[in-house]
Amino acid sequence: DPSDRQNNIGNAFDVTTDDPSFRLEVKEDATYRVLIRDQYNSSRNDPRYVYRMAIRRETPDFRLLALPALVVTNNNQNQPSPGTLVIRRGGAVVVDVRLLAQDGFNEEVTLSVEGLPGGLSCRGAVVSGSASNCSLVIESDPNAGAWSGPIRIVGRAKVGNQDLVRTARVGNTLWSVNIQQERPQSRLMQELNLAVLDTERAAATLTAGEDKVWETCRGGKLEIPVKSQRHDGFDGEIKLKAVGLPAQIKPNEVNLAKGNDGKLEVSITDQNTPPGTYTFYLQADTKLKYARFPESLEPLKQRQKELEDLVKQFEEEAKNAEGDAAKPIQEKLNQAKKLKQDADKAVTDTEKNVQPKDVNIALFSQPIKIRVAPHPLKLTAGAVTVKQGETAMLDVNLERLYGFDDSVDITFAAPQGTSGIGGKNFKIEKGQGSGKLEITANASATPGEHTAVIKATCRYNNVQGNLDIEFPLKVEEVKK
């Protein structure tokens, strides 16, 4: 089994494969022999088993897989329903996107949605090549009209000087199973379809901050405003949790009481948080008093009123009819009464069916993009020249980022393969933006042009940050 097969437990679409792939780094010209062997060849032998091998140059690239988000509510954590994209006025739907990196691809991919009708929009998403999943949130404005049709998910990236544009394939789950115990059955689809339901409005519209990339680093903290606009008397609990972040980033839930706004606090407190760009959203699982097809009651009441008037008409005609003329009128009256009884029952049953009932719903916020840097430091240093047996001073300039304002330790690492070169470590104190590194070359220091390293170390909210920069160092030989 592939190494990431275990990580796909709990996912609705398994993209792993048993086909092996390896990276061969050829360091010198030679003749290489490749041996391919089926470890089960002694127990099976069939000409239908065909094995193909491809050897090619490494070409970083990516593919995309789009899946309608499987809605998971509190009472159904391990058995989500197959996803469909149906959006109500003022609401939102989510599309999960898998990024399948190839040949060491590690660039940022910008995702967008094409083919949306008027009244619908998507802020897009940015995902790092080191990540494998992200989500797109499609929003509807309150006045969106009815529509249905296919949409496309497109990803754009740049590798060197080459622009890559890839359209996502589409997948879906065929039926619901417990995804913690059983691998769900899924398949690829020809296209991704979306429908706009204009007869209903979403229970609430959730907005989260500005449409920008919020930036911080390990040890940093973000505060993102969250607002809700409730519709049609909805007053249920809105408790929001973040969906789509790596396990190392765990924001607290946001509780929005009726009429109040909130704030999402994202603290990067895990030393092992992978740097990169992430797009996520907030989801609230709540209950709604929902009446199913209430518009179906009015036509039935109109039909009931028409039959009631018809019964009265035949009753009046029957009073005035005599002899043979009374019989057909009586038959019409009986028939009208029977139809009226059926109409009364239809109205009674429908009134019962359209009574609001508690249903579990999921609400989605606008997407939120964050970029996490490995440290809060920007360090610069110029070139320096030192003579054998002397000392030189190098200016080291520091810019603190993301709200960090504490001291930074500076250490010197001599160029590899040299001897006799040293530096005096120092600290750039809080409030200072520069310092001087004292570099010493003894009388027998290795002469020539070298590349040395300055190492900066800090602690931001008890999370360590490290930054290494290189600078040119020239040692001048002193003739004796």
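Only this structure's heavy atoms are used, side chains among them; waters, hydrogens and symmetry mates stay out. Predicted model only: the values in this text are computed from it and were never measured. Throughout, numbering of the chain's residues begins at 1 and tracks the sequence.
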**Student:** Answer yes if the side chains of Asn353 and Glu351 hold a donor-acceptor pair under 3.5 Å, and no otherwise.
**Tutor:** no

**Student:** Please tell me whether Gln464 and Gln271 have a donor and an acceptor in their side chains that are separated by less than 3.5 angstrom.
**Tutor:** no

**Student:** Is the backbone N or O of Gln432 less than 3.5 Å from a side-chain atom of Arg400, with the two atoms forming a donor-acceptor pair by type?
**Tutor:** yes

**Student:** Is the shortest side-chain heavy-atom distance between Leu192 and Leu85 below 4.5 Å?
**Tutor:** yes

**Student:** Please tabulate, one pair per line, all N/O donor-acceptor pairs under 3.5 Å involving side-chain atoms of residues 403-412, not counting sequence neighbours.
**Tutor:**
residue : atom : partner : partner atom : Å
Asp409  : OD1  : Lys427  : NZ           : 2.6
Thr411  : OG1  : Lys455  : O            : 3.4

**Student:** Near Gln416 CD, under 6.0 Å, is it more than 12 heavy atoms from other residues, nucleotides or ligands?
**Tutor:** no

**Student:** With a 3.5 Å cut-off and no angle check, do the side chains of Arg371 and Thr277 form a donor-acceptor pair?
**Tutor:** yes

**Student:** Would you say the side chain of Lys239 lies within less than 4.5 Å of the side chain of Lys241, judging by non-hydrogen atoms?
**Tutor:** no

**Student:** So do Val127 and Thr279 actually touch side chain to side chain, heavy atoms under 4.5 Å?
**Tutor:** no

**Student:** Is the closest side-chain donor-acceptor distance between Asp96 and Ser135 under 3.5 Å?
**Tutor:** yes

**Student:** Are the side chains of Val170 and Gln190 in touch, meaning some heavy atoms are under 4.5 Å apart?
**Tutor:** no

**Student:** With the threshold set at 4.0 Å, does a side-chain nitrogen-carboxylate oxygen contact exist between Asp232 and Lys289?
**Tutor:** no

**Student:** Would you say the side chain of Val109 lies within less than 4.5 Å of the side chain of Leu99, judging by non-hydrogen atoms?
**Tutor:** yes

**Student:** In terms of side-chain geometry, is the basic nitrogen of Glu114 or Arg156 positioned less than 4.0 Å from the acidic oxygen of its partner?
**Tutor:** yes

**Student:** Indicate whether the side chain of Glu399 and that of Asn397 have a donor and an acceptor atom separated by less than 3.5 Å.
**Tutor:** no

**Student:** Any side-chain heavy-atom pair from Arg89 and Glu200 closer than 4.5 angstrom?
**Tutor:** no

**Student:** Check Thr207, Asp261, Leu264 against Val226 for a side-chain contact (heavy atoms from CB on, under 4.5 Å) and give me the one that passes.
**Tutor:** Leu264

**Student:** Who pairs with Phe62 by ring pair (Phe, Tyr, Trp, His ring centres under 6.0 Å), at least two apart in sequence or on another chain?
**Tutor:** Phe105

**Student:** One thing to verify: whether Glu58 and Arg23 come together as a salt bridge, which I'm taking to mean a side-chain N less than 4.0 angstrom from a carboxylate O.
**Tutor:** yes

**Student:** Decide yes or no on side chain to side chain contact (heavy atoms under 4.5 Å, CB included) for Phe471 and Val384, but give the supporting numbers first.
**Tutor:** CA-CA 8 Å; Phe471 68 95; Val384 65; 3.7 Å; yes

**Student:** Quick one: are Glu223 and Glu265 in side-chain contact, heavy atoms under 4.5 Å?
**Tutor:** yes

**Student:** Within the 4.5 Å heavy-atom criterion, are Arg218 and Pro374 side-chain neighbours or not?
**Tutor:** yes

**Student:** Salt bridge check, Asp61 against Arg63: does any charged N sit closer than 4.0 Å to a carboxylate O?
**Tutor:** yes

